[in-house]
Amino acid sequence: MKEGHYDHLAIEAKWQKYWDREKLFTAKTGAKAPKAYTLDMFAYPSGDGLHVGHPRGYIATDIFARYYRMRGMNVLRPVGWDAFGLPAENYAIKVGKPPAETTKENIKRFTKQLKSLGFVYDWEREINTSEPEYYKWTQWLFKVLYDNGYAYQKEAYANWCPSCQTVLANEQVANGRCERCDTLVEQKLLKQWFFKITDFADELISGLDKVDWPESTKVGQRNWIGRSEGASLKFQIPNSKFQIEVFTTRADTMFGATYLVLAPEHPVIKNEKLKIKNLEEVAQYIETTKKKSELERQIQKEKTGVQLEGVTAVNPATGKEIPIWVADYVLMDYGTGAIMAVPAHDERDFEFAKKFDLPVERVIKGGELPSTGHGQLINSGEFSGRNSMAAAADMAKQFGGKMQIQYKLHDWLISRQRYWGAPIPIIYKKGQPMLVEEKDLPVMLPTDVDFKPTGQSPLLGSKEFQKDVEKKYGKGARRELDTMDTFVCSSWYFLRYCDPHNEKEFADKKSLKYWMPVDLYIGGAEHTNGHLLYARFITKVLHKLGYLNFDEPFLKLRHQGLILAPDGEKMSKSRGNVINPDDLIAKYGADTLRVYEMFMGPFDQTVAWDTNGVTGVRKFLERAYKLVQERKSALASEDSSVHRLVKKVTEDIEEMKFNTVVSGMMEFVNDMSRVKDGGWTESFVKVLAPFAPHLAEEMWQKILGKQKSVFASTWPTFDPSKIAHTTVVIVVQEKGKLRGTVNLPAGASKDEVLTAVMQDERLAKIAKMASREVFVPDKIINFV
RNA sequence: GGGCAGGUGGUGGAACGGUAUACACGAAGGACUUAAAAUCCUUUGCCGGUAAUACGGCUUGUGGGUUCGAAUCCCACCCUGCCCACCA
């Protein structure tokens, strides 16, 4: 057997059992020690298991949990399963077993994988969103929202995925396609349940100022919420009772509005009383846009449209009648689904006007058309001469409009026509919805269901589901058949972790007060406009209703970077480039995998997997193991290198610069191999411990002979006075170019440095030729 | 089109006003071995120069600027990745 080799399988199994037994990471609610709530975005237990990319974030939180523990903090590091939802259900359909069964199997497999990586989760707090003990409170949450007017039902166009056979929230549609299966999404008019997230739009924006999150994530949320200030204006259709309401951020350009444009879905078009002369042509246009819709909207943005013949509207500013068009560059989703077109000062309107030869009226002085900036108003009646920015509000008011704030954010559509989710706790009686009473929660998800999606809710055929409903709620009572979006389940799970087994409340106030908010949250950046927004919204609702004493759930958020396959592509089963952690753990050990993933590159950056790099890390661990064995009994005092190492590791962990922690430890081991001194071993094992916990525990207890876990020890401190080098290398430069170095005791004066320089013939020559020199103590002397 | 993050050896990256290329991978050579693997040792930015040293020059996407000194700060441009995208 080679030197330094260790039996990772035996060592890792042994210490994993030991940590379980010792319960070192069981969180204690109410303990005096400062709390550290360290959280991963919980996993959905898919059929594929973990690939090597998944644990990257978990390794980081595990490092923090162990590090905080050693710093004497009361650590909460919980684990659970986002078990409801489409991926789990689709997998179940694929293998032809009920999702409850496959989910259980998958969780078992995931659990084994997570344990094999040596993660110290507090398994006593494990939760599973698909179990009644959990979803009872998801349903309770729905009830709280409904009772307070934050949950409502409405008929509206909704994103329908024909493949998943369900509606989707806006956040689950990307480029007009279903985020899960990439199918083109259709618009369907349906009666659905919504959460009023738009009520919190402003708070969701302002709250971002008080959290420590990546700037890109904050920007992403602000853009998604899409707040803009403007005015709502009304355009009368002559000789009718119809008015077209538009939203504009540029009320100041009203005098330049030469036509109106309606979105194809605009309801007024369907009204027969409008007497559109070319109704057939219009209907045809609407039909074609519906078909092409999202697909052709990509980059080819050639404007199309049809005029509503025989119909005009009056511009309230000019009093002139202007034409009305239908065009798909106006979206029904945003504002009122209608715009006033100002071709002189808007690029899109300009393009449209050019194509269809519509009049262009300049109302702001200067610049080539279309000019989109502000400036002095012209051709604007009594407003001419004023600054456009300052005049906007006055103008809107003058012509019957009002100032208004508009958001891109829509209310959150939470109904799903799928089986594997929490049932919505609603009963219909004579078509009227009413809440299931709290004492009757949870509404159990039935098992007598063909869970394959059909477009109808799979719960439709269940007898079990409707059993006893009439007995409780009277004749004709029927349960709501849709289930909730899984993002509802995951919008509050971090609260449940504080008190996961509570049967009376979603979590008791004391536990919430003690643990929340989450101190460090790590997960993927893809959740920016989904989970992270929803979780903040739910927190704000519960805060407003007095259930919580904070209104931001995650104080510090960081995203781990993606790990790509060695070919530089995303890992996926279909590409066949997936690297499985199980194989690596079997061959090299969990410690090696952990350290390598932290060593690969900056934590938040995308990196490609390189299995060759893994062997380098394994070699490092073996060298370290061998060295600790050799030096354990050497008598010596700690020298400056170990103080420097402790400083570097401590500071870099805090900044999440794990890659340099590892390289720092590697350098240290390389240096120490040349020194016979052994006074550093304890501190070294301690700083290694969060990264390679099994090997460090082995070193600590078996080599250094300690009786207790290394994680029960205290994190080493460093003495700044011992860090300074006693001798320093001073760089000698000529006009900034390196010419040589001199070695001197630290703190040498300029004269002492000059004396040293003069002793070197070559450097002395340079010094004599210089007119002056720049001296930086202990660093550099530059002759100019 | 907009926003954000980046561009440093053959590769992942380090340094983020003060010796650029730490650490690791890969590659080359050597030791051990019948041999291979493993391990250990040495070399490894580019160009010139030399028998080999010595020695010199160049180099952090491109071009400017600030500075005694710039990968690092400022300006302009080019390229890559991610997110958003006809949002009125």
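Chain letters run A, B, ... following the sequence lines, proteins first, then strands; residues in each count from 1. Computed from heavy atoms alone, side chains included, the values below leave out hydrogens, waters and symmetry copies.
Between A/Lys626 and A/Glu622 there is no salt bridge, since no side-chain nitrogen of the basic residue lies less than 4.0 Å from a carboxylate oxygen of the acidic one. A salt bridge links A/Arg558 with A/Asp212: at least one charged nitrogen is closer than 4.0 Å to a carboxylate oxygen.
Taking a pair to require two hydrogen-bonding distances under 3.5 Å in either a Watson-Crick or a G-U wobble arrangement, B/rA20 remains unpaired. In this structure, B/rA71 forms no base pair with any nucleotide, since neither Watson-Crick nor G-U wobble geometry is met with both distances under 3.5 Å. Checking B/rC4 for Watson-Crick or G-U wobble geometry (two distances, each under 3.5 Å) identifies B/rG81 as its partner. Within the shown strands, B/rU62 is the pairing partner of B/rA76 under the Watson-Crick or G-U definition, both distances less than 3.5 Å. For B/rU39, the paired nucleotide is B/rA31, the pair qualifying as Watson-Crick or G-U wobble because both relevant distances are below 3.5 Å. Applying the Watson-Crick and G-U wobble criteria (two distances, each under 3.5 Å), B/rU44 pairs with B/rG26. Under the Watson-Crick or G-U wobble criterion, with both distances below 3.5 Å, B/rA15 has no partner in any strand shown. Pairing partner, B/rA51: none, since no Watson-Crick or wobble contact has both distances short of 3.5 Å.
Regarding contacts with the backbone of B/rG13, a side-chain N or O of A/Gln605 is found under 4.0 angstrom from either OP1 or OP2. For A/Lys408 and B/rA88, the shortest distance from a side-chain N or O to OP1 or OP2 is not below 4.0 Å. In terms of phosphate contacts, A/Lys657 brings no side-chain nitrogen or oxygen within less than 4.0 Å of OP1 or OP2 of B/rG13. When the side-chain nitrogen and oxygen atoms of A/Asn670 are compared with OP1 and OP2 of B/rC23, none of them lie within a distance under 4.0 Å.
Against the 90° criterion about 0, the sugar-base torsion of B/rG7 places it in the anti range.
Of the candidates B/rG18, B/rC40, B/rG12, B/rG18 carries the atom nearest the A/Lys779 side chain, counting heavy atoms from C-beta on. Proximity note for A/Leu738 (side chain, C-beta onward) versus B/rA15, B/rU19, B/rC23: the nearest is B/rU19. If you check B/rC23, B/rG18, B/rA85 against the side chain of A/Ile780, the one that comes closest is B/rG18. Taking only side-chain atoms of A/Pro602, from C-beta outward, the nucleotide of B/rA15, B/rC68, B/rG13 with the closest atom is B/rG13. Comparing atom distances between the A/Asn659 side chain and each of B/rG13, B/rA85, B/rA88 picks out B/rG13 as nearest. Candidate nucleotides B/rC68, B/rA85, B/rC86 were compared by shortest atom distance to the side chain of A/Tyr329, and B/rC86 ranks first. Relative to the side chain of A/Val219, the nucleotides B/rA15, B/rG12, B/rG3 differ in distance, and B/rG3 lies closest. Residue A/Asn782 places its side chain closer to B/rG69 than to any other of B/rG69, B/rA88, B/rA14. Minimum atom distance to the side chain of A/Arg739 is reached by B/rG57, of the listed B/rG57, B/rC68, B/rC25.
Nucleotides B/rA5 and B/rC73 have their P atoms positioned 13 Å apart, rounded to a whole Å. Remark: the separation of the C1' atoms in B/rA35 and B/rG56 is 47 Å, to the nearest Å. As rounded to the nearest Å, B/rA52 and B/rU59 have P atoms that lie 26 Å from one another. B/rA24 and B/rC83 have their P atoms separated by 34 Å, with the value rounded to a whole Å. Taking atom C1' on both nucleotides, B/rG48 is separated from B/rA38 by 41 Å, rounded to a whole Å. Look at the C1' atom in both B/rU67 and B/rC86: the space between them is 48 Å, to the nearest Å. With both ends at atom P, the span from B/rG3 to B/rC75 equals 15 Å, rounded to whole Å. Comparing the same atom, C1', in B/rA22 and in B/rC78 gives a spacing of 30 Å after rounding to whole Å.
In this structure, the CH2 atom of A/Trp609 is 21 Å from the P atom of B/rU11, given to the nearest Å. Regarding A/Phe775, its CZ atom lies at a distance of 16 Å from the P atom of B/rG18, rounded to whole Å. The separation between A/Arg772 atom CZ and B/rG69 atom P is 9 Å, rounded to whole Å.
Of all heavy-atom pairs spanning A/Ala767 and A/Val757, the tightest one is CB-CG1, 4.1 Å. Closest approach of A/Lys218 to A/Val211, counting heavy atoms only: NZ-O, 2.9 Å.
Here A/Ser228 lies in heavy-atom contact (under 4.0 Å) with sugar-phosphate atoms only. Across all strands, A/Gly220 comes closer than 4.0 Å to no nucleic acid atom at all (heavy-atom distances). Across all strands shown, A/Glu773 has no heavy atoms under 4.0 Å from either base or sugar-phosphate atoms. As judged by a 4.0 angstrom heavy-atom cut-off over every strand, A/Tyr407 is placed among residues making no nucleic acid contact. At a threshold of 4.0 angstrom between heavy atoms, the contacts of A/Val617 with the nucleic acid are absent. Base engagement by A/Val776 is indicated by at least one non-hydrogen atom pair under 4.0 Å involving a base atom. Contacts of A/Ser663 with the nucleic acid, taken as non-hydrogen atoms under 4.0 Å apart, include base atoms. Among the atoms of the strands shown, only primed sugar atoms or phosphate atoms (P, OP1, OP2) are found under 4.0 Å from some heavy atom of A/Arg623. At the heavy-atom level, A/Val784 lies under 4.0 Å from the strands shown only through sugar-phosphate atoms. A/Arg762 comes within 4.0 angstrom of sugar-phosphate atoms only, judged by non-hydrogen atoms across all strands, and of no base.
Residues A/Glu179 and A/Gly337 each lie close to RNA chain B; by heavy-atom proximity, the contact nearer the 5' end of the strand is made by A/Glu179. Judged by closest nucleotide on RNA chain B, A/Val607 is the one of A/Val607 and A/Val614 placed further toward the 5' end.
For the residue pair A/Asn159/A/Gln187, the side-chain donor-acceptor check at 3.5 Å is satisfied. Between the side chains of A/His559 and A/Thr217, at least one donor N or O lies within less than 3.5 Å of an accepting N or O. Side-chain contact check for A/Glu351 and A/Tyr329: no donor-acceptor pair (N or O, by modelled atom type) lies under 3.5 Å.
A/Ser388 contributes a side-chain N or O that, together with a main-chain N or O of A/Gly375, makes up a donor-acceptor pair within less than 3.5 Å.
Checked options A/Phe200, A/Trp224, A/Tyr534; the residue passing with A/Trp412 is A/Tyr534 (criterion: ring-ring contact (aromatic ring centres under 6.0 Å, His included)).
Between the side chain of A/Asn612 and the base of B/rC25, no donor-acceptor pair under 3.5 Å is found.
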